[in-house]
Amino acid sequence: MPTETQPSPPHWCVLGRTPDGVFAAAHVSASGEPGAPVSIEEGTLAAFVAQHEADHSPRWVWWSTAQVYPELLAAGVRVARCHDLMLSHQILRNSEHVRGRQPLIAAAHWAEPAALADTHEVPASLPEPALFDLDRAPAARDHRDTLAEALAEFGRQRAAVDSSSAAGRLSLLLAAESAGALIAAELSAAGLPWDTAEHNRILIETLGPRPASAAEKPARMLAMAAQVREALGDPLASLDSPPKLLRALRAAGIAVESTSQWELYEHEHPAIAPLLAYKKLSRLLTANGWAWLDEWVRDGRYRPVYVPGGVVTGRWASNGGGALQLPRLLRRALRADPGWVLVSADVSQLEPRVLAAMSGDRAMAAAGRGSDLYAGLVAGGVVDTREEAKFAMLGAMYGATSGDSGRLVPQLRRGFPAAMRLVDDAAAAGERGGTVTTWLGRSSPPPDAEWNNVQAAASLPGASRRDEDAARRSARERGRFTRNFVVQGTAAEWALAWLAEIRGKLTDFAPVPAAREAPASGTVFARVPHLAFFLHDEVIVHSPAEHADAVALVVEEAAATAGRRLFGGAPVDFRLELSVGERAEKP
DNA sequence: TAAAGAGGCGCG
DNA sequence: AAAGCGCGCCTCTTTA
């Protein structure tokens, strides 16, 4: 700890705009004292940031990483750490650990536009993109990005954390969330190395040659469609319109309620197999076909848009490019540049392990030690087969009450009472209309007005059976949501800590010679190992081949570090499936 | 004619 | 394949 006689190092550097739209910065010392604002000449922001980053690497405090950081990266400037005011605001104003939430809630203009729309404080017709448009005239720009507002909000957030009952955990969460925002921007900047030729080959092999126009269907789809129509005895049957398809199926004597594949599987009819095949092909064509390739892959890089904190549980969402839905069929198209490799890792059974750690369930932790957790459940005699173990765990975390999954939950409850109590308590809180909170302090939203109305209606004297059923049903639904929230949300926190740790360690690698660079990764990443993909519990690092083993070690050690950061000495292993190679496809 | 909703399916 | 959480995106249909 620095003594009073030592000058406080400028821990934070708050960035915002002056009223006339020019960037300005103010240092804030460890004690919270802001220094005098320094204005930054037009067009010199990147140089300013680079200089300060080299001098003392402050934690940059800014309104929105997504707003500021892409431009810095494009200018070749990386930052080590930041505090994203927007993301932090969302966490703090909802967190049950924060006692003094009122100042944050009162600063309603800091909320996301979507959240404002929910409370009808903003007309639904408000053009949302305008709020994020840097190119607008300064006068019309949102006032949230002024330096004065940033300093005020930063002060509110520090006070909120200091007053909370879990300052250490919340600080860790805000740091991890902000690191995630940096990483999301860096992932888009670096891109995922994509083998367009291989993707095209897969499309041709699966669908047939690319039709001359998008209006035409590929040959294999036409062939499947012909088989379906033949089998249905209906040469004009429409396969692309669910209502029409449903009528055609019924007319052919197939008694289905919907056209979804899980229901079609139940029926024996010569039309079923080609119809399911047609649906698969159609999905590939529309979601990740040639149009997707043309739109999303440039210069050998797929650059999706990630949205950190975009999911209510804290998981990332994506907005454009469908990064979180890449079909496994296309994994072969992920391919490192020549002389580089992809280091791919995914966490085995992340959510059950997180549940074991947060509940302190020693038996469940033991089941996951040194091996596959599901195999551990079998070895421990809780269930008979690995498949049963998997379904039982999913049922426990999602709140299954029926089916094979629900049937196995009681066995889990006997074997792992502590873990099950944690999720059962979370479900009970949700059913009562309460909120639940993740390990680091992200709280679930309270029930909306509609939910409260339904519950209230059922407890009125004249409530009908229908009212009561509706209330019970929506209570149970909410219980399943809060049950899953604590596990999914804490797993997302673990994953952020893992990512942040990997990112930090990757900066230690020396750049490879210019002759070996991967220019499509952008100036910042062309010569160093960098994160290239993230998907909830899975990362891919694009690395010069000679660093592959060291990078793999970094990824592995980061998992252990993340476990310690969150859970201290909890005896839970976070095991990875690691692979290193030119392609990311699993063996 | 554009927006909103529903159905369906990809991912974890 | 399993019914049970969280998403995004595409298509077709209904609604304003």
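What you see is a predicted model; the values in this text were computed from it and never measured. Letters A, B, ... mirror the listed sequences (proteins, then strands); counts begin at 1. Basis for what follows: all heavy atoms, side chains included, without hydrogens, waters or symmetry-related copies.
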(message) Assess the residue pair A:Trp292 and A:His199 against the criterion (ring-ring contact (aromatic ring centres under 6.0 Å, His included)); give the C-alpha distance rounded to whole Å, side-chain angles, the decisive distance to 0.1 Å, and a yes or no.
(response) CA-CA 11 Å; A:Trp292 181 90; A:His199 186 157; 5.6 Å; yes
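- For A:Arg503, the side chain to side chain contact (heavy atoms under 4.5 Å, CB included) partners at least two apart in sequence or on another chain are A:Tyr69, A:Arg78, A:Leu182, A:Ile183, A:Glu186, A:Leu531.
- Between A:Glu477 and A:Arg473, no side-chain nitrogen of the basic residue sits less than 4.0 Å from a carboxylate oxygen of the acidic one, so the salt-bridge criterion is not met.
- Across all strands, A:Gly406 comes closer than 4.0 Å to no nucleic acid atom at all (heavy-atom distances).
- Comparing B:dC9, C:dG6, C:dG8 against the side chain of A:Lys279 picks out B:dC9 as the nearest.
- For the pair A:Arg169 and A:Trp439, the cation-pi test (distance below 6.0 Å, angle within 45°) is passed.
- Residue A:Pro193 comes nearest to A:Ala532 through the heavy atom pair CD-CB, 4.1 Å, listed as atom of the first residue, atom of the second, then distance.
- Residue A:Gly320 is in sugar-phosphate contact alone, with no base atom involved, counting any heavy-atom pair closer than 4.0 Å across all strands shown.
- Rounding to whole angstrom units, CZ of residue A:Phe481 and C1' of C:dC7 are separated by 12 Å.
- Electrostatic pairing of A:Glu257 and A:Arg250 counts as a salt bridge here, judged by a charged N lying under 4.0 Å from a carboxylate O.
- When distances run from any side-chain atom of A:Ser405 to the nucleotides C:dA2, B:dC11, C:dG4, the shortest one goes to C:dG4.
- Look at CZ on A:Arg483: it is 11 Å from C1' on C:dC5, rounded to the nearest Å.
- Look at A:Arg478 and A:Glu431 and you find no salt bridge, because none of the NZ, NE, NH1 or NH2 atoms lies under 4.0 Å from a carboxylate O.
- In this structure, the OH atom of A:Tyr302 is 10 Å from the C1' atom of C:dG8, given to the nearest Å.
- The CD-P distance, from A:Glu263 to C:dA2, rounds to 11 Å in whole Å.
- When the P atom of C:dC5 is taken as reference, atom CG of A:Leu324 falls 20 Å away, rounded to whole Å.
- Base contact: A:Asp404 has a heavy atom under 4.0 Å from a base atom.
- Pairing analysis of DNA chain C (Watson-Crick: purine N1 to pyrimidine N3 plus N6-O4 or O6-N4; G-U wobble: N1-O2 and O6-N3; both under 3.5 Å) yields stems of 3 or more pairs at B:1-12 with C:5-16.
- When rounded to the nearest whole Å, the span between CG of A:Asn288 and P of C:dG8 equals 16 Å.
- Considering only heavy atoms from C-beta on, A:Tyr302 stays 4.5 Å or farther from A:Leu334 through its side chain.
- Taking atom CG on A:Leu249 and atom C1' on B:dG7, their separation rounds to 14 Å, with Å as the unit.
- For the pair A:Glu538 CD and B:dC11 P, the interatomic distance rounds to 11 Å; values are reported in whole Å.
- Here C:dA3 is the nucleotide among C:dC9, C:dA3, B:dC11 with the atom lying nearest to any side-chain atom of A:Ser402.
- Taken residue by residue, residues 252-261 of chain A places no heavy atom nearer than 4.0 Å to DNA chain C.
- A:Gln455 and A:Ser474 share a side-chain donor-acceptor pair at under 3.5 Å.
- Residue A:Val487 is classed as having no contact, given no heavy-atom separation below 4.0 Å to the nucleic acid.
- Using a 4.0 Å cut-off between a side-chain N of Lys or Arg and a carboxylate O of Asp or Glu, A:Asp234 and A:Lys244 do not qualify as a salt bridge.
- Between A:Arg353 and A:Asp573, no side-chain nitrogen of the basic residue sits less than 4.0 Å from a carboxylate oxygen of the acidic one, so the salt-bridge criterion is not met.
- Checked against salt bridge (charged side-chain N to carboxylate O under 4.0 Å, His left out), A:Arg483 has the following partners two or more places apart in sequence or in another chain: A:Asp424.
- Using a 4.0 Å heavy-atom criterion, one finds that A:Asn319 contacts the sugar-phosphate atoms exclusively.
- Closest to the A:Ala317 side chain, of the nucleotides C:dG8, C:dG6, B:dC11, is C:dG8.
- Within 4.0 Å (heavy atoms only), A:Arg480 reaches sugar-phosphate atoms of the nucleic acid but no base atom.
- Using a 4.0 Å cut-off between charged nitrogen and carboxylate oxygen, A:Arg472 and A:Asp469 count as a salt-bridge pair.
- Side-chain contact annotation: A:Trp290 with A:Asn200, donor-acceptor N/O pair under 3.5 Å present.
- Contacts between residues 379-398 of chain A and DNA chain B, defined by a heavy-atom separation under 4.0 Å, are absent.
- Contact check on A:Asp195 versus A:Arg201 returns no salt bridge, with no Lys/Arg side-chain nitrogen under 4.0 Å from an Asp/Glu carboxylate oxygen.
- Using a 4.0 Å heavy-atom criterion, one finds that A:Leu284 contacts no nucleic acid atom at all.
- Within the 4.0 angstrom heavy-atom criterion, no nucleotide atom of any strand lies near A:Ser282.
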(message) Generate the contact string for nucleotides 10-16 of chain C. Rules: B means base contact, S means sugar-phosphate contact only, - means no protein heavy atom under 4.0 Å.
(response) SSSS---
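- Dashed line: the shortest gap from a side-chain N or O of A:Thr401 to OP1 or OP2 of C:dG4 is under 4.0 Å.
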